[in-house]
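For reference, the structure is listed below as structure tokens.
Numbers restart at 1 for each chain; the letters A, B, ... are given by sequence-line order, proteins then strands.
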There are 2 protein chains.
Amino acid sequence: MYTIREASTMTGFSLDTLRYYEKMGLIHPTLRKSGGVRMYSADHVHHMMSIKCLKQSGLSLEDIKEFIADGQCFRNKEALDDEELKLIQSRMSILSAQLDRLEEQRQALDKTISEARTKLDYYEQLMHS
Amino acid sequence: MYTIREASTMTGFSLDTLRYYEKMGLIHPTLRKSGGVRMYSADHVHHMMSIKCLKQSGLSLEDIKEFIADGQCFRNKEALDDEELKLIQSRMSILSAQLDRLEEQRQALDKTISEARTKLDYYEQLMHS
DNA sequence: TCTTGACTTGGAGTCAGCTCCAGCGTTTAC
DNA sequence: GTAAACGCTGGAGCTGACTCCAAGTCAAGA
């Protein structure tokens, strides 16, 4: 188990940011020591790392919340009832919309990276001429 | 030549955003009609499209400003004086720092995309079982 | 027991990036 | 000649994502 400070140094998020993410519903520290002190498990830290990755790929906190909102559900089921079917369909449409946006973003990013390389090459050549 | 409204519909930026980008130093409409009305050339619109792409790849306006701050310089020069050398070196270090960040971001993005696909596949399977 | 240090909360402040608005100036159509 | 449509400016307001702060709780050490 880790304190918020340890989690902070492990993940690179500030103390305030971790508490903020909790308030926003991205992280749920289950245990509290006396005095209400938060304790995080290794799983929590792992989860934070995922959030870090999602953030770095440019998703908003709202998007991240949607993205990670399905850890538990529907495992080992034989049949699905109407409720579950609707839930899955809604999750799928959210996810595929996100996927579309991410792929567009990837195209833009690739273009930007190759442009940056071109510029750098140009300067490189200029220096050694 | 295009009015700001035409440029807006062509690029998808709002009127206010285009004016804001001008104030921030990202766009420089050279001509003004009487009454101070902005006129944009095809080149301007093209430039806006570049900005759009840079934005979509996740750069901040400040980053974009740095990224595009070299359209003109140092073409067809045989020798470079000290001033120019320093300028080029500073541009190179900015660009390569940006490139590093962009490549990190690309890795994160790839990971996120493949995770999204995995999730979608999982739901897909669930539906057809 | 008292102090020190790490943690808590709620709320205010900050910054980027817009977005909206009031009040004004042109141009165009009737 | 006047009303509608479009544009201008300066400044206020808004959202997202933090960041900072004051006042309080708790545990451990001198």
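Side-chain proximity of A/Ser34 to D/dA27, D/dC18, C/dG17: nearest is D/dA27. For B/Arg5, counting side-chain heavy atoms from C-beta on, the closest listed nucleotide (D/dG7, C/dG17, D/dA17) is D/dG7. Closest to the side chain of A/Asp16, from the set D/dT9, D/dC6, D/dC21, is D/dC21. Taking only side-chain atoms of B/Lys55, from C-beta outward, the nucleotide of C/dT8, C/dC18, D/dC8 with the closest atom is C/dC18. Comparing atom distances between the B/Thr3 side chain and each of C/dC7, D/dG7, D/dT9 picks out D/dG7 as nearest. The side chain of B/Tyr20 sits closest to C/dT19 out of D/dG7, D/dC18, C/dT19. Of the candidates D/dG7, D/dA17, C/dC18, the closest approach to any side-chain atom of B/Tyr21 belongs to C/dC18.
At D/dT19, one or more side-chain N or O atoms of A/Thr17 fall inside 4.0 Å of OP1 or OP2 (strictly under the cut-off). In terms of phosphate contacts, B/Arg32 brings a side-chain nitrogen or oxygen within less than 4.0 Å of OP1 or OP2 of D/dT9. Remark: A/Arg19 is not in phosphate contact with C/dT9, judged by side-chain N or O atoms under 4.0 Å from OP1 or OP2.
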Verdict with supporting geometry, A/Ser41 and A/His44, side-chain hydrogen bond (donor to acceptor under 3.5 Å, both in side chains):
CA-CA 5 Å; A/Ser41 68; A/His44 278 115; 3.1 Å; yes
Verdict with supporting geometry, B/Glu103 and A/Ile113, side-chain contact (heavy atoms from CB on, under 4.5 Å)
CA-CA 7 Å; B/Glu103 272 163 353; A/Ile113 286 175; 4.1 Å; yes
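Taking a cutoff of 4.0 Å between a charged side-chain nitrogen and a carboxylate oxygen, B/Asp110 and B/Arg106 qualify as a salt bridge. Ion pairing between B/Glu22 and B/Arg38 holds under the 4.0 Å rule for side-chain N and carboxylate O. A salt bridge is absent between B/Lys86 and B/Asp82; no separation between the charged side-chain nitrogens and carboxylate oxygens falls under 4.0 Å.
Here the closest heavy-atom approach between residue B/Tyr20 and residue B/Leu61 is recorded as CE2-CD1, 3.6 Å. Between A/Gln98 and A/Asp63, the shortest heavy-atom distance links the atoms NE2-O, 3.1 Å.
Rounded to the nearest 0.5 angstrom, A/Thr11 OG1 and A/Leu18 CG are separated by 5.0 Å.
One can place CG of A/Leu18 at 11 Å from P of C/dC7, the figure rounded to the nearest angstrom. Regarding A/Lys65, its NZ atom lies at a distance of 14 Å from the C1' atom of D/dA17, rounded to whole Å. For the pair A/Met39 CE and C/dT8 P, the computed distance is 10 Å after rounding to whole Å. Atom CD in A/Gln56 sits roughly 17 Å away from atom C1' in D/dA17 (whole-Å rounding). Between the CG atom of A/Leu59 and the C1' atom of D/dC18 there is a distance of 17 Å, rounded to whole Å. Rounded to whole Å, atom P of D/dA5 lies 17 Å from atom NZ of B/Lys33. Protein atom CG of B/Leu61 is 16 Å distant from nucleotide atom P of C/dC15, rounded to whole Å. Between the CD atom of A/Glu6 and the P atom of C/dG5 there is a distance of 18 Å, given to the nearest Å.
Scanning residues 94-109 of chain A for heavy-atom distances under 4.0 Å to DNA chain C yields an empty list.
Mapped onto DNA chain C by nearest heavy atom, A/Gly36 and A/Lys23 fall at different nucleotides, with A/Gly36 at the one closer to the 5' end. Between A/Gly35 and A/Phe13, the residue anchored closer to the 5' end of DNA chain D is A/Phe13, taking for each the nucleotide with the nearest heavy atom.
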